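Have a look at the structure below before the remarks.
Keep in mind that what you see is a predicted model, and the values were worked out from it rather than measured. Because only heavy atoms are used, hydrogens play no part in the values below, and waters and symmetry mates are left out as well, while side chains stay in.
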Amino acid sequence: MMVIEVNQPEQLMPIEKADGSNDGANLYNYEFIIPEQKSDSLYNYMLEDLNRYSGYTIILEKRPVKCFVLVRTTTKDKLATKGGEKRSTFPRTPSILRNVPLKNMVNMLNGEINIKELFIDETGYTGNVDLEVSGVKNIVTLKKELQKYDLDLIPEERQVLMMIIKDQRN
């Protein structure tokens with residue numbers, strides 16, 4: 001997740017046209033190539049470059065965040081896949097996961113729907129799943145439909161690693 005704490009945040013946002021597209025203003029591209037043996041330092045190097053050249057100070061820090069935590073309510077396995085071709089249609093209607101990890105659903109909930117809270121998977125479930133809900137309209141409906149798989153979404157606060165963007169101080 002990202003938090004923008006700058007005086008002119010609009011300079012970091014794409015400018016959207018009436019048709020939903022953007023003209024490329026305020027969009028940035030960054031390409032960074034390093035030797036494979038230094039790949040474990042990639043993010044540190046990128047952060048240093050952004051701080052050096054962007055005009056902003058970017059830090060990573062844990063902050064408390066209100067979120068929905070996905071949990072299992074029983075130990076009975078109602079999620080295990082029956083196999084077959086992989087499929088993920090979240091958040092369309094119906095929303096289907098077939099033979100894919102549960103994290104696919106959580107990733108889509110975090111990026112593709114109008115619910116602004118963060119979703120965190122604390123089920124501990126590592127296998128591929130089969131799951132279907134009528135669609136992702138709101139939390140109440142989603143919670144109700146996830147109950148048939150012995151899953152629940154609990155509103156909680158968690159410490160989450162955030163990328164914080166601030167104005168650079170000279």
Side-chain angles (χ1 to χ4, degrees), residues 1-71 88-93 95-97 100-126 131 133 135-143 145-146 151-170:
M1 286 194 69
M2 183 169 39
V3 176
I4 298 174
E5 297 177 344
V6 299
N7 290 330
Q8 297 178 316
E10 65 279 358
Q11 291 185 346
L12 294 172
M13 303 297 167
I15 298 172
E16 193 171 301
K17 295 182 192 177
D19 66 0
S21 66
N22 65 64
D23 62 3
N26 293 346
L27 293 178
Y28 303 91
N29 184 35
Y30 176 78
E31 184 174 345
F32 190 66
I33 301 170
I34 62 171
E36 187 176 339
Q37 64 268 24
K38 294 189 177 199
S39 62
D40 61 336
S41 299
L42 175 67
Y43 293 111
N44 289 334
Y45 291 155
M46 288 172 61
L47 197 58
E48 288 171 5
D49 273 1
L50 288 170
N51 283 322
R52 186 178 301 117
Y53 301 119
S54 72
Y56 297 98
T57 298
I58 297 124
I59 61 170
L60 301 177
E61 96 182 6
K62 284 193 173 186
R63 289 200 175 174
V65 176
K66 290 181 182 175
C67 54
F68 287 104
V69 179
L70 183 66
V71 297
S88 179
T89 68
F90 267 77
R92 288 179 283 184
T93 301
S95 294
I96 299 168
L97 294 180
V100 295
L102 196 54
K103 71 178 179 180
N104 285 28
M105 178 183 77
V106 175
N107 289 342
M108 294 308 288
L109 290 172
N110 280 325
E112 300 292 327
I113 63 170
N114 290 329
I115 300 169
K116 297 303 175 206
E117 284 83 2
L118 178 67
F119 290 82
I120 296 178
D121 180 5
E122 291 186 0
T123 62
Y125 199 88
T126 57
L131 182 143
V133 296
V136 183
K137 298 167 189 65
N138 57 56
I139 287 294
V140 173
T141 303
L142 182 59
K143 279 176 63 90
E145 294 201 35
L146 288 174
L151 294 171
D152 199 2
L153 289 167
I154 311 294
E156 295 277 348
E157 186 173 276
R158 293 288 188 271
Q159 291 287 325
V160 177
L161 188 62
M162 310 283 276
M163 180 167 71
I164 315 299
I165 302 174
K166 299 180 180 188
D167 287 314
Q168 204 170 58
R169 292 192 171 95
N170 294 329

Taking only residues two or more places apart in sequence, or in another chain, which ones meet E48 in a salt bridge (Lys or Arg N to Asp or Glu O under 4.0 Å)? none
Give a yes or no answer on whether the side chain of [X] reaches the backbone of [Y] with a donor-acceptor pair at less than 3.5 Å.
X    : Y    : result
N110 : F119 : yes
D121 : K103 : no
D152 : I154 : no

Considering residues at least two apart in sequence or located in another chain, which fulfil the ring pair (Phe, Tyr, Trp, His ring centres under 6.0 Å) criterion with Y56? none
Test of understanding: with ring pair (Phe, Tyr, Trp, His ring centres under 6.0 Å), list the residues that count as partners of Y125, not counting sequence neighbours. none
Test side-chain contact (heavy atoms from CB on, under 4.5 Å) applied to R92 - qualifying residues, sequence neighbours left out: T89
Could you tell me which residues satisfy side-chain contact (heavy atoms from CB on, under 4.5 Å) with N51, sequence neighbours excluded, listed by chain and number? L47, T57, I58
Output the distance between atom [atom1] ([X]) and atom [atom2] ([Y]), rounded to the nearest 0.5 Å.
X    : Y    : atom1 : atom2 : result
L97  : L102 : CG    : CG    : 7.0 Å
E156 : E117 : CD    : CD    : 13.0 Å
C67  : E157 : SG    : CD    : 8.0 Å
L118 : K116 : CG    : NZ    : 12.5 Å
L151 : L131 : CG    : CG    : 6.5 Å
I59  : I165 : CD1   : CD1   : 10.5 Å

Verdict with supporting geometry, L146 and M105, side-chain contact (heavy atoms from CB on, under 4.5 Å): CA-CA 12 Å; L146 288 174; M105 178 183 77; 4.2 Å; yes
Any chance you could lay out the side-chain contact (heavy atoms from CB on, under 4.5 Å) test for V3 and M163, step after step, and finish with the verdict? CA-CA 6 Å; V3 176; M163 180 167 71; over 6 Å; no
side-chain contact (heavy atoms from CB on, under 4.5 Å) between R63 and I164: does it pass, once the steps are laid out? CA-CA 10 Å; R63 289 200 175 174; I164 315 299; 3.6 Å; yes
Chi angles and distances behind the side-chain contact (heavy atoms from CB on, under 4.5 Å) call for Y30, D49: CA-CA 10 Å; Y30 176 78; D49 273 1; 2.8 Å; yes
Are F68 and I139 packed together at the side-chain level, in the sense that at least one heavy-atom pair is separated by less than 4.5 angstrom? yes
Indicate yes or no: at least one non-hydrogen side-chain atom of L12 is less than 4.5 angstrom from one of P9. no
Do the charged groups of K143 and E145 touch, with an N to O distance under 4.0 Å? no
Ion pair check, R158 and E122, cut-off under 4.0 Å: yes
Would you give me the side-chain donor-acceptor pairs under 3.5 Å for residues 31-43, sequence neighbours excluded?
residue: S39; atom: OG; partner: E36; partner atom: O; Å: 3.0

Please report the shortest heavy-atom distance between L153 and L142, naming the atom on each side. CD1-CD2, 3.7 Å
